[in-house]
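Within every chain, numbering begins at 1; the chains are lettered A, B, ... in the order of the sequence lines, protein sequences first and strands thereafter.
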Amino acid sequence: MDNETIGSTLDQVADLLEIEGASVFRVRAYRGAARTVSALASPVSTLPEKGPGSLEELPGIGKDLAGKIRELAETGELALLHELKSRTPESLIHLLELPGLGPKRAKAIHEGLGIDTIEELEKAAREGRLRALKGVGPKLEAQILEGIAARAARGKRISLAEAEAQVEPIVARLRETEGVSQIEVAGSYRRRRDNVGDVDILVAADASIAIGKKLISDPATDKVLADGDTKTSVLLKSGLQVDLRVVPVESFGAAMHYFTGSKAHNIAIRTLGVRRKLKISEWGVFQEDKRLSGEREEDVFASVGLAWVPPELREDRGEIDAAREGKLPKLVERADLRGDFVEGNLDADGIAAIASAWGAKGAAWLVVLGATRHDALRAQKHAGKVTLFAGAVVPVGADGSIGTSEDVDVVIGEIHAENLDEKSITQALVTAAKSGRIHVLARPWNGGKPKQFDVEAVAKVCREHGVLLGLDARPGFLAGADGYARAVKDTGARIAITSRAASADEAAHIRFGLDQARRGWCEAKDVANTLSAEELENLLARR
DNA sequence: GCCGTTTTCGGCCCGACTGTTTTCAGTCG
């Protein structure tokens, strides 16, 4: 069973435990483990049984959960899940997806009315039978019906690129509101997750300003979900949920920290605060009832003895220990990048357009995929100061064999992995990396999802043979790229971010790859795009 | 279920909003 499926199975267990009324801490433990396993770059089966790097060493995973994760990885089954399903119908999990319905009400609905499915729930709501339950009135009943009708549209996560396109115009309009001193997007958007479920906009201003009303009347807004003094939630016409919070200037840093998350990071930070007898909330850092700080985000970290942590790292994946020990990475930045890998069906104008953007940044290069050396030399005169390399994407066979390529400078090996299991892919990639015939190994991809393999094992061979590991920056190819980058970095190998752009507009996509590299703790030295043209040429020549 | 610069047992983040209430439970992030 792959990591993602193990994660969603553990989430199912958490859902059922929650409906049963199990300890919230036990539920939290399952959710934490689900998150941790889903984020692992390599399959659970490749982790060592004991000692460093083993399951038990992962934060929030102890003996019990490690055993359950192994049970799932090896057998695809989990005895506990069967047991839970025998007591509580699995279909109740879907009730939790409806807004306003949580575990308590789901349980009450099941036990009080004998309802197990969304269909039965809809029927009961239409007949007005739900309000027989304590704590449920006509409004909640209507909300549930509305939620059932809209359930296809909402709850879906969209790509970061799509979210940016929707949210930036709204923020620009809100920014014009009088009395706004600062406005920022927080949440997973600020952490640069490759997909976002909703968007949190944070405003520093007097609570009395009418910015919530402004969001409600924004042309992109479809429906109002909540409308309080400090919090306004709306659903856009696209189905994306936007939450707007207004906080006073003196709380802006604390609020930015809180609403940026992640939830797991916040819990860890607040736990550190508890040990120091501090209370940390979105309003600031407090001792007793005395307010200590909160205007700047740095204040929150400083109050628990930590350096400021870049948002991309705030996932409770070791950033807190690193911040305490002064070992946070100096993350690679846009200004560090000097080159890219672009598609070759560009005409001279296309190459000139992309090259001029890079040329402004000093010694720069482009690898043009699908071009021969001859093409590259011919195009060079349009590229100005930017050095052009000819590149080719060649297939890697199931046995690790490399296809033939034209006369090029850079060869990217791409495996066609549809029918291969983890072990076969790993083996094929290792063989390909050792062949001496490729410079970059593309990330295996299959049916809209990254293919799992033993990233550490492959990256180790790549490091020894000077092969770069590709990170495809196109939106839609970024799933799990952060964990992949982290695993590559930890092995000491280097990634190559490839925009695979076919136009100047698409060349801007490289920043989405950069986002994921940063989420993977990569510094400039871990990313081959930071090399100068000369350094890249030397690297290619060494092979 | 996890975990330990107060701990191997007793804790485990914090607040806003809503709808139902008669003082609060449930949900959400």
**Request:** Round to a whole Å and report the spacing from CD of A/Glu18 to C1' of B/dC28.
**Result:** 11 Å
**Request:** Please determine if a side-chain N or O atom of A/Thr271 lies less than 4.0 Å away from the OP1 or OP2 oxygen of B/dC12.
**Result:** no
**Message:** Rounding to an integer number of angstrom, what distance separates B/dC13 and B/dC2 when you compare their P atoms?
**Reply:** 16 Å
**Complete:** Per the O4'-C1'-N9-C4 / O4'-C1'-N1-C2 angle with a 90° window around 0, B/dT7 comes out syn
**Request:** Quick one: label A/Leu17 by what it contacts on the DNA or RNA (base, sugar-phosphate, nothing), any heavy atom closer than 4.0 Å.
**Result:** nothing
**Prompt:** Of A/Arg26 and A/Phe286, whose closest DNA chain B nucleotide lies nearer the 5' terminus?
**Reply:** A/Arg26
**Message:** Base, sugar-phosphate or nothing for A/Val136? Non-hydrogen atoms, less than 4.0 Å.
**Reply:** sugar-phosphate
**Request:** Have a look at A/Lys134 and say if it touches a base, only the backbone sugar-phosphate, or nothing, with a 4.0 Å heavy-atom cut-off.
**Result:** nothing
**Request:** Run the salt-bridge test on A/Asp222 and A/Lys237 with the 4.0 Å N-O cut-off and return the result as yes or no.
**Result:** no
**Asked** Going by atom types only, do A/Ser38 and A/Glu4 share a side-chain donor-acceptor pair under 3.5 Å?
**Response** no
**Asked** Start at the 5' end of DNA chain B and walk down; is the nucleotide closest to A/Pro138 or to A/Gly60 reached first?
**Response** A/Gly60
**Asked** When the distance from CG of A/Asp200 to C1' of B/dG15 is rounded to whole Å, what number comes out?
**Response** 14 Å
**Message:** So A/Ile280, base contact, sugar-phosphate only, or nothing? Heavy-atom distance under 4.0 Å.
**Reply:** sugar-phosphate
**Asked** What nucleic acid atoms does A/Asp64 come within less than 4.0 Å of, heavy atoms only: base, sugar-phosphate, or nothing?
**Response** sugar-phosphate
**Request:** Using whole Å, report how far CG of A/Leu272 lies from C1' of B/dT6.
**Result:** 15 Å
**Asked** Short question: side chain of A/Thr177, backbone of A/Leu174 - any donor-acceptor pair under 3.5 Å?
**Response** yes
**Asked** Given A/Leu236 and A/Gln166, is the side-chain contact (heavy atoms from CB on, under 4.5 Å) satisfied, shown in steps?
**Response** CA-CA 9 Å; A/Leu236 302 184; A/Gln166 292 188 35; 3.7 Å; yes
**Request:** Using atom CG of A/Asp227 as one end and atom P of B/dC28 as the other, report the distance to the nearest whole Å.
**Result:** 19 Å
**Asked** Using atom P of each nucleotide, how far apart are B/dT5 and B/dG1 to the nearest Å?
**Response** 23 Å
**Prompt:** Taking OP1 and OP2 of B/dG15, is either one under 4.0 Å from a side-chain nitrogen or oxygen of A/Lys279?
**Reply:** yes
**Complete:** To the nearest angstrom, the CZ-C1' distance between A/Arg245 and B/dG15 comes to 10 Å
**Asked** Roughly, in whole Å, what's the span from CD1 in A/Ile320 to P in B/dC13?
**Response** 12 Å
**Message:** Just to be sure I understand the rule, does A/Val274 reach a base, reach only the sugar-phosphate, or reach nothing, if contact means heavy atoms closer than 4.0 Å?
**Reply:** sugar-phosphate
**Request:** Please confirm whether A/Arg28 makes a cation-pi placement over A/Phe25, using NZ or CZ under 6.0 Å from the six-membered ring centre and within 45° of the ring normal.
**Result:** no
**Asked** With both distances under 3.5 Å as the test, what is the Watson-Crick or G-U wobble partner of B/dT18?
**Response** B/dA25
**Geometric cation-pi criterion A/Arg296 and A/Phe252, 6.0 Å radius, 45° cone** = no
**Message:** Between B/dC28 and B/dT23, how many Å separate the two P atoms, rounded to a whole number?
**Reply:** 25 Å
**Request:** Have a look at A/Phe259 and say if it touches a base, only the backbone sugar-phosphate, or nothing, with a 4.0 Å heavy-atom cut-off.
**Result:** nothing
**Request:** Using the C1' atom as the reference point in each nucleotide, state the distance between B/dT18 and B/dC12 in Å, no decimals.
**Result:** 27 Å
**Message:** Counting the atoms with a prime plus P, OP1 and OP2 as sugar-phosphate, which does A/Lys263 contact under 4.0 Å by heavy atoms, base, sugar-phosphate, or nothing?
**Reply:** base
**Asked** Expressed as a whole number of Å, how far does the C1' atom of B/dG26 sit from that of B/dT20?
**Response** 10 Å
**Message:** Check the orientation of A/Phe301 and A/His257. Use parallel for under 30°, tilted for 30 to 60°, and perpendicular for over 60°.
**Reply:** perpendicular
**Message:** Suppose you measure atom P in B/dT8 against the same atom in B/dG4; what distance do you get, rounded to whole Å?
**Reply:** 13 Å
**Message:** Between B/dG19 and B/dC9, how many Å separate the two P atoms, rounded to a whole number?
**Reply:** 46 Å
**Asked** If you measure from the P atom in B/dC17 to the same atom in B/dG11, how many Å do you get, rounded?
**Response** 31 Å
**Prompt:** With sugar-phosphate meaning primed atoms plus P, OP1 and OP2, does A/Lys107 contact a base, only sugar-phosphate, or nothing at under 4.0 Å between heavy atoms?
**Reply:** nothing
**Prompt:** B/dC14 P sits how many Å from A/Arg28 CZ, rounded?
**Reply:** 10 Å
**Request:** Send over the distance from A/Arg275 CZ to B/dC13 P, rounded to a whole Å.
**Result:** 11 Å
